[in-house]
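Hydrogens, waters and symmetry mates play no part in the numbers below; they use all other heavy atoms, side chains included. The first residue of the sequence shown is numbered 1, and numbering continues consecutively from there.
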Amino acid sequence: MKILEINAMRGPNYWSVRRHKLIVMVLDLGKMEEFPSNKVPGFSDRLKKMFPSLYSHRCSVGTPGGFFERVDEGTWMGHIIEHIALEIQTLAGMDTGFGRTRGYGEKGVYNVVFSYMEESVGRYAAKASVEICKALISAKDYDLDKDIQHMRELRESERLGPSTGSIVEEAESRGIPWIRLNKYSLCQLGYGANQKRIQATVTSETSSIGVELACDKEDTKDLLEQAEIAVPRGKILSLESNLEKVCNYVGYPLVIKPIDGNHGRGITVNIHTYKEAIEAFNAAKEVSNRVIVEKYITGEDYRLLVINNVLVAAAKRTPAHVIGDGESSIEDLIKEVNRDPRRGFGHEKVLTQITINKLTETIIEDAGYTLISVLPKNEKLVLKDTANLSTGGTAEDITDIVHPANVSMAERISKIIDLDICGIDIMTTDISQPLFETGGAVLEVNAGPGFRMHLAPTTGLPRNVASPVVDKLFPTQGNTGRIPIVAITGTNGKTTTSRLIAHMAKLKGYRVGYTTSDGVYIQNRLLMRGDCTGPSSAEFVLRDPTVNFAVLECARGGLLRAGLGFAHCDVAIVTNVAADHLGLKGIHTIEQLAKVKGVLPETVLPDGYAILNADDDLVYEMRKDLSCNLALFSMDEENPRIKALQRKGGITAVYENGYVTLCRGSWKMRIMRAEEIPLTYGGKADFMVQNVLAAVIAANVRGISIEDMKAGLETFIPSPAQTPGRLNLFEFENFKILLDYAHNPAGMRALKKFTDKLECTVRVGIIAGIGDRRVEDNNEMGSIAADMFDEIIIRQDKHLRGKTEEELINMLETGIKMKDPNKKITIIPSERDAIIYAVSHARKGTLIVLCSDVVPDALDLVKELKEKESKGEKVFAS
């Protein structure tokens, strides 16, 4: 068995519109295609022994044990690998359960699809599941525990922390989209100009001065002291020579900690001697150059969480500890505590397992014990020097018993330090009494406090502390931080439609970001060059803080490789579906291709619009799976599908009596005569009229007036600047050059229909075979070209895409000769040489049609020739 490819879906995709996180592994079973599970001796028994928990997998049977039934009856290894991949993730603490295995379209090759929670874990699970299956087939031993632990470690290194994760989940629950901006905890909530950012529990609205103050314990203490808030007596020092004097001034017992520390690093508490103080001072110096020596306040450790100057939660924190039973060693007591099912690796569960490290051994030694010592019955032994949950501590929610005076004090502190989110650490014997009565003190104010202890306390009521954070960032009811997104897919016409809509939105006053097969544009500035129709390019636009309107071209390649770069859009357009790229990525039929394109309209928000081509049967069928508004366009106003929607009061756009007409119900609003729209070349380019119909509906449902639409249509000129490579016509003195991106049979037929209407004496076509198309597709391109042109020059694409130059030329020649064996054919592999040859041999009235895949290179050459002519130089020979 061999893995051919592994792709990770990160958005709506071909396999599922709702399940965004899917691994798609292309697996060649090789000889195992002939050996289902019931034909491999002992396989079923070995599988059940290694994975008894697979009994819970119902599979298609629908009952517990259903999967094992399928294995006993005989099922293919791809299906079994799918279930193993899901189960090993579950065993590693990531319970996920969606999977399916489908044929790839080649014998013995399958798409093995399964869900994941963290991408690196999903990719690892794909590879590991294949290796596990191989071991089960060959009856070899396999170290499953090693895989499980590695996946846990991968998860901890990749996943968002509990605090960040809780805010993201709360945002998602309100329909607020989000994007992770780095591999750590920096995340964007909302899109474009409406975005807010968080990094753990620091937000884009958090005061930088407040963060600086909180990180400087000396400044924090001074400000609180000036505000008559109880803080421990203390001093800041950098030199050990001053330590003894400071210790005597503050008075024992002491706590020594670094000024710039966090997460409990370098803190030593309950210091009673100068010798202990020196050791603690050196430990703190490893973390920070400046060290604070404070009076050790007795009592219990409390954390008060204040968000937007309101106390939202409070917890009593207890350091990791064990309680003796008079029989067990300290090491055994720790193991017993770690058996608590609530404790896990890292942040995977409510509590973290207690680890035995050098600090723990030192604390045990200071208490007069070793790990093998038996702790007396009921004696409590603290194992860590802080109460952090990440070191194995516990937390009890006590929000409801905090004394009003302490609540007021905490809220006042948040304003004094100027933090929108802060954690205030207090030591007191009783939080239900005012601090000034118990002799307690405020120990610290934390910027970016952890939420875990409040979200999932060991005991007490969990608090949704993420909610007030999102309330602060998006205070208006129903504000989702979105910007309008218009998304376009289809076989042909995507780029031009995208550019036209972006042009109209820009004239309306929007700051537009848009993606095309030519590149990514922000306010008409090309920032990324190349085919930018995938999810990364869409995300580039949605991340840009200057953009308040997005137009996103979405091609099949990105959808199959990683899914869409967004979960929902406001408007989705499907221009058409025709045979193109078939035989790639497991898509072998036009119906499968339509399913790929059909992902887009299914992502439209309920109050948005899916705009479909009513003249295309496959596109029209997409309406059945929609939960949004439907709008249709057609080149025929009598199309019964159009009439049916009009009777329901729906929005349509039609080409009638030479007009581009928008209809609401049966009411017509004529926009312009098609012949007056530059993009249509006087109404001759029907396929451009189709693009205009789709665009005017999109503009209308996004609130762009008919007057603004007309202005947009009048100023959108087919040219290298506005529509590079899309019907760019250059008129020379004695001949014309038409440059177009036509790259499939449907596109060539549409181009033929247009060029047939152009006056000329001879038509010369410069065409190329395309390496990632089927033989029959290239044959058909050749046949259409034979019908279309009087002479044909076969050149070669810059990118061969898996085929040889000879193979591609032969495919086109075969197609040409099938239609016209006597057609004049010239073979010139270089595109530049082919253009120069065509121009130098052009006769008066010649139309040269160049079908190019690398548009900028071709445009540059044609512009160069045009410039020569303008200078009076000849650019042709006859």
Side-chain angles (χ1 to χ4, degrees), residues 485-506 512-542 544 547 549-559 561 564-565 573 575-576 580-581 600 678-679 685 687-688 691-692 694-695 698 712 715-730 737-744 747 750-751 766 768 770 772 797-799 801 831-832 835 849-864:
I485 297 176
V486 179
I488 301 97
T489 192
T491 301
N492 295 308
K494 301 185 295 295
T495 299
T496 301
T497 306
S498 299
R499 286 179 172 276
L500 177 55
I501 294 169
H503 179 69
M504 289 192 286
K506 187 170 181 288
V512 183
Y514 61 100
T515 66
T516 70
S517 55
D518 307 318
V520 177
Y521 297 78
I522 304 294
Q523 283 295 82
N524 277 1
R525 289 189 177 275
L526 178 62
L527 298 185
M528 292 175 67
R529 192 181 295 276
D531 187 348
C532 296
T533 56
S536 297
S537 302
E539 197 170 278
F540 180 93
V541 169
L542 298 174
D544 193 291
V547 169
F549 195 104
V551 182
L552 308 175
E553 180 181 342
C554 304
R556 49 157 291 285
L559 269 163
R561 186 177 63 252
L564 286 174
I573 297 172
T575 58
N576 44 61
D580 193 21
H581 293 97
L600 197 62
L679 188 61
F687 57 95
M688 287 298 190
N691 296 337
V692 171
T715 56
F716 191 71
I717 312 297
S719 62
Q722 289 191 311
T723 58
R726 272 69 181 177
L727 230 56
N728 299 155
L729 186 62
F730 296 85
I737 296 179
L738 178 67
L739 192 152
D740 194 74
Y741 186 64
H743 59 288
N744 54 53
L751 186 60
I766 303 175
I770 304 174
D772 60 359
D797 268 356
K798 188 173 183 179
H799 307 292
R801 307 182 193 189
E831 181 180 70
R832 182 180 181 87
I835 295 170
V849 179
L850 169 61
C851 300
S852 178
D853 70 323
V854 184
V855 171
D857 293 353
L859 280 175
D860 287 345
L861 176 56
V862 176
K863 288 177 187 175
E864 180 186 322

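Side chain of Ser537 to main chain of Pro535: no donor-acceptor pair is present (N/O by atom type, distance under 3.5 Å, no hydrogens or angles). In this structure a side-chain-to-backbone donor-acceptor pair under 3.5 Å is present from Gln722 to Ile717. Judged by distance alone, the side chain of Gln523 and the main-chain N or O of Val512 form a donor-acceptor pair under 3.5 Å. Remark: side-chain polar atoms of Lys506 are not paired, donor with acceptor, to backbone N or O of Ala502 under 3.5 angstrom.
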Under the side chain to side chain contact (heavy atoms under 4.5 Å, CB included) rule, what do Thr516 and Lys494 come out as? Steps first, then yes or no, please. CA-CA 8 Å; Thr516 70; Lys494 301 185 295 295; over 6 Å; no
Between Cys554 and Leu564, is the side chain to side chain contact (heavy atoms under 4.5 Å, CB included) condition met? List the steps. CA-CA 8 Å; Cys554 304; Leu564 286 174; 3.9 Å; yes
Margin query: Checking Val541 against Ile522 for the side chain to side chain contact (heavy atoms under 4.5 Å, CB included) test, could you report, in this order, the C-alpha distance in whole Å, the side-chain angles of both residues, the deciding distance, and whether it holds?
Written below: CA-CA 7 Å; Val541 169; Ile522 304 294; 4.3 Å; yes
Handout entry: Test side chain to side chain contact (heavy atoms under 4.5 Å, CB included) applied to Tyr521 and Thr515, step by step
Key = CA-CA 6 Å; Tyr521 297 78; Thr515 66; over 6 Å; no
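Between Leu542 and Ile485 the shortest side-chain heavy-atom distance falls below 4.5 Å. Counting heavy atoms from C-beta outward, Cys532 and Phe540 have side chains that stay 4.5 Å or more apart. Proximity of Leu738 to Leu751: side-chain heavy atoms (C-beta onward) are separated by under 4.5 Å at one or more points. Taking 4.5 Å as the limit, every side-chain heavy atom of Arg529 sits out of range of all side-chain heavy atoms of Val520. In this structure, the side chains of Leu859 and Pro724 come closer than 4.5 Å at one or more pairs of heavy atoms. Leu679 places a side-chain heavy atom less than 4.5 Å from the side chain of Leu500. No side-chain heavy atom of Thr496 sits under 4.5 Å from any side-chain heavy atom of Tyr741.
Taking CD1 from Ile501 and CZ from Phe549, the interatomic distance works out to 7.5 Å, rounded to the nearest 0.5 Å. Between the NE2 atom in His503 and the OG1 atom in Thr715 there is a gap of 2.5 Å [rounded to 0.5 Å]. Note that the OG atom of Ser536 and the CE atom of Met528 stand 7.5 Å from one another [nearest 0.5 Å]. Rounding to the nearest 0.5 Å places CD1 of Ile488 at 7.0 Å from CG of Leu552. In this structure, CD1 on Ile835 lies 4.5 Å from CG on Leu861, to the nearest 0.5 angstrom.
The two atoms that bring Phe716 and Pro678 nearest to each other are O-CB, 3.9 Å, heavy atoms only. The nearest pair of heavy atoms linking Glu553 to Ser498 is CB-OG, 3.6 Å. Here the closest heavy-atom approach between residue Ala698 and residue Ile573 is recorded as CB-CD1, 3.9 Å. Cys851 and Ala742 get closest at one heavy-atom pair: CB-O, 3.9 Å. Of all the heavy atoms in Ala858 and Glu831, the pair that sits closest is CB-OE1, 3.8 Å.
In this model, a donor atom of one side chain and an acceptor atom of the other lie less than 3.5 Å apart for Tyr514 and Asn524. Judged by distance alone, the side chains of Thr495 and Ser517 do bring a donor and an acceptor atom under 3.5 Å apart. Neither side chain, Asn728 nor Asp740, offers a donor N or O lying under 3.5 Å from an acceptor on the other.
Salt-bridge check for Arg726 with Asp518: passed, with a basic side-chain N closer than 4.0 Å to an acidic carboxylate O.
Considering Asn576, Thr575, Asn744, Thr497 as possible partners of Asn492, the one that fulfils the side chain to side chain donor-acceptor pair (under 3.5 Å) test is Asn744.
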